[in-house]
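Numbers restart at 1 for each chain; the letters A, B, ... are given by sequence-line order, proteins then strands.
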Amino acid sequence: MEENTNTTPSNFIRDIIEDDLKTGKHAKIHTRFPPEPNGYLHIGHAKSICLNFGIARDYKGQCNLRFDDTNPTKEDVEYVDSIQEDVKWLGFDWEDRMYYASDYFQKLYDFAVKMIKEGVAYVDNSTAEEMKNQKGTPTEPGTNSPCRERSIEESLDLFERMKNGEFEEGAYTLRAKIDMASPNMHMRDPLIYRIKKATHHNTGDEWCIYPMYDYAHPLSDWFEGITHSLCTLEFEIHRPLYDWFLDVLHLENRPRQIEFARLNLTYTVMSKRKLLELVTEKYVSGWDDPRMPTICGLRRRGYTPESIRNFADKIGVAKRDAMTDVALLEHGIREDLNKRAPRVMAVLNPLKVVITNYPDDLTEEMETINNPEDPSMGSRKIPFCKEIYIEQDDFREDPPKKFHRLYPGSEVRLKSAYIIKCNEVIKNDKGEITELHCTYDPETKSGGSSTRSVKGTIHWVSARHGKKAEVRLYDRLFVIEDPSSHEELSFKELLNPHSLDINENCFIEPELAKAKAGDKFQFMRMGYFCVDPLSTDEKLVFNRTVGLRDSWAKLEKKDS
RNA sequence: UCUCGAGUCGUCUAAUGGCAGGACAGCGGCCUCUGAAGCCGUACGUGGAGGUUCGACUCCUCCCUCGAGAACCA
């Protein structure tokens, strides 16, 4: 991590931690980030990662990476690998503390035996259906299982035989003996272990019984000496159970579970199930499709780790459900890239301009600064000649009010080159504009002594030197702010049909052909773009990370 | 319906009995060889009703609204 530039704002969790440090409840803070390896990490996980690792960093503690892998049927090493990559990319380091809940299967088993011996857990052979009926409803108490009073000896024997694989899946479970009348459904004798004859990504076929989350989690935290176990709000109702396991096992130096609101972002979905559906049903190209809110998607889109960490700091941490405006994320990446991205010129929708009074065979090398925000980034040369491309949008045959760009008879400055004047509009026989004939003013070369100024400055690329490229313009994935909460339509019916617009005939300045995968640029007046990982020398592909703020577009929209 | 949790500018978030503040978004202006960036300015909020108090976003009561909870998921 970078040196002591801790500007992370405080929040209620940090308040608790500072208090625990002050009162001496803990001498050292220990947190953990506990993903289940059943999907790719998304921006919501990034919030949790920044919270947990950020706290460890700021209070000189430690944060573990722990895979919460207690359900072999859903988990896979593909996810284990991607999660590590994403956490590292975000800039955090778990050092030698990468664990699996499955590392603790033996200890977990031993503690379960202890619970049976203490009479607080029993083996049940009720079917799933019977158990559901015993459970009751939120308004009606449940009823005790007929197995609830099974003797300790018998439960011990059955539990061991469960472990030994003597029974079929579903035949037996281990349950906690708590209170079938509790108003909290999670306390109505919840399951501790179930039989699953599945191969586990980490432990293989060593086990055929697997602990449930509610049991594995508090104990895993305790094994690792976690002091503050941070999780999202939906686990709030599980907290009494979290504490119960620690209680009945008489464990000292207990971790404390604290819940905070998960991140929701406008115009996207955040549930792993929904993201998985988008991937498997091919609504997007993969987990790393740049429209996805996944960490790998954002990375491919051109987001930087700094901008995401910054975003996490800015949104804060609280207990109330919230829906954060994606504009805040976008602001963060613009802010970061504004400082770091070199400015280059690229024409996305080319319109040819012939400068009729410019020498036929001349090429001038125009000097241009790489980033006005950072002079240390230097300058470069770009070729200029008689034939150039400009953006179609920068010309209007019939200009609206306040249009500062090219139209018949008007003058604009070509960035870092000359002022040109539009004299003639050339059309084909269908009446489409194919070319503009302009003249330039040789006295107005950039950096020269001329003080003549015009209202508009536009970007351009030499038609003889520019290289072709494909540019992918991304927009929000969904058409409404909260696609998960529409009364009638499913989220998949609310996808934005224009979320990807591929532009294959773009021209970029020649220098840009050397760019490498992941390189980031500002295409002047257009937005921030990065080289796609699958881009090749033969076919250059750029992804638009985010557009520039466009007050002209806003003005024009308002006037229409 | 029951239990638990949460309600502060449009959005996110501070203020922990003592001036309701910041960020994003918005609006207006300045500047500009990027209609970008930057700079300046501006508007906007404590869910409601009572109560306690010199003083309430904060404490109490009732109400309202929203979220979570009945997987051998996490």
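Within the 4.0 Å cut-off from OP1 or OP2 of B:A74, at least one side-chain nitrogen or oxygen of A:Thr70 is found. Side-chain nitrogen and oxygen atoms of A:Arg194 include at least one within less than 4.0 Å of the OP1 or OP2 phosphate oxygen of B:A74. Phosphate contact (OP1/OP2 of B:G22, side-chain N/O of A:Lys314, threshold under 4.0 Å): absent. Between A:Ser551 and B:A36 there is a side-chain N or O to OP1 or OP2 distance below 4.0 Å. Within the structure, every side-chain polar atom (N or O) of A:Lys196 is placed at least 4.0 Å from both OP1 and OP2 of B:A71. Neither OP1 nor OP2 of B:A36 sits under 4.0 Å from any side-chain N or O of A:Arg334. OP1 or OP2 of B:C27 lies within a sub-4.0 Å distance of a side-chain N or O belonging to A:Lys554.
Counting non-hydrogen atoms under 4.0 angstrom, A:Gln522 reaches a base of the nucleic acid. Residue contacts for A:Pro34: at a heavy-atom cut-off of 4.0 Å it reaches no nucleic acid atom on any strand shown. Note on A:Ser416: a base of the nucleic acid sits closer than 4.0 angstrom, heavy atoms only. Residue A:Ser126 is in base contact, counting any heavy-atom pair closer than 4.0 Å across all strands shown. Within the nucleic acid shown, A:Lys558 comes within 4.0 Å of sugar-phosphate atoms alone, with no base atom in reach, counting heavy atoms only. Residue contacts for A:Gly447: at a heavy-atom cut-off of 4.0 Å it reaches a base atom on one of the strands shown. Contact annotation for A:Ala322: backbone-only contact, meaning every heavy-atom pair under 4.0 Å involves sugar-phosphate atoms and none involves a base. A:Leu233 comes within 4.0 angstrom of nothing in the nucleic acid, heavy atoms only. Within 4.0 Å of A:Met323, counting heavy atoms only, lie sugar-phosphate atoms of the nucleic acid but no base atom. The residue A:Arg320 sits close to a base: some heavy atom pair falls under 4.0 Å.
Ring-centre distance between A:Tyr100 and A:His201: below the 6.0 Å cut-off. Here A:Tyr40 and A:Tyr79 bring their ring centres to under 6.0 angstrom of each other. Checked against a 6.0 Å centroid threshold, the rings of A:His217 and A:Tyr213 count as neighbours.
Not a single donor-acceptor contact under 3.5 angstrom links the side-chain atoms of A:His186 to the base of B:A68.
In this structure, A:Trp552 packs face-to-face on the six-membered ring of B:G35, meeting both the 5.5 Å centre cutoff and the 30° plane limit. A stacking contact links A:His404 to B:G35: the aromatic ring centre lies within less than 5.5 Å of the base's six-membered ring centre, and the planes differ by less than 30°.
In this structure, A:Phe523 and A:Phe529 have parallel ring planes: the angle between them is below the 30° cut-off, well short of the 60° mark.
Rounded to whole angstrom, the span from the CG atom of A:Asn133 across to the P atom of B:A71 amounts to 11 Å. Put simply, CD on A:Gln134 is 13 Å from P on B:A71, counting in whole angstrom units. One can place CE of A:Met185 at 7 Å from P of B:A71, the figure rounded to the nearest angstrom. Put simply, NZ on A:Lys74 is 8 Å from C1' on B:A71, counting in whole angstrom units. In this structure, A:Lys319 places its NZ atom 19 Å from P of B:U58, rounding to the nearest Å. B:G35 atom P lies 14 Å from atom CD of A:Glu556, rounded to whole Å. One atom, CD1 of A:Ile195, and another, P of B:C73, lie 12 Å apart when rounded to the nearest Å. Residue A:Ile237 contributes atom CD1, which lies 13 Å from atom P of B:A71 at whole-angstrom precision.
With salt bridges taken as basic N to acidic carboxylate O contacts below 4.0 Å, one links A:Arg239 and A:Glu259. A salt bridge links A:Glu277 with A:Arg273; the closest basic N to acidic carboxylate O contact falls under 4.0 Å.
Tested against A:Tyr109, the residues A:Phe159, A:Tyr104, A:Tyr215, A:Tyr210 include a single ring pair (Phe, Tyr, Trp, His ring centres under 6.0 Å) partner, A:Phe159.
Side-chain N or O atoms of A:Arg343 include none that pairs as donor or acceptor with a backbone N or O of A:Pro372 at under 3.5 Å.
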Legend entry - Pairing annotation in dot-bracket form, given for RNA chain B with Watson-Crick or G-U pairs under 3.5 Å and | for cross-strand partners: .((((((..((((....[..)))).(((((.......)))))....(((((..]....))))))))))).....
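Residues A:Asn11 and A:Arg413 each lie close to RNA chain B; by heavy-atom proximity, the contact nearer the 5' end of the strand is made by A:Asn11.
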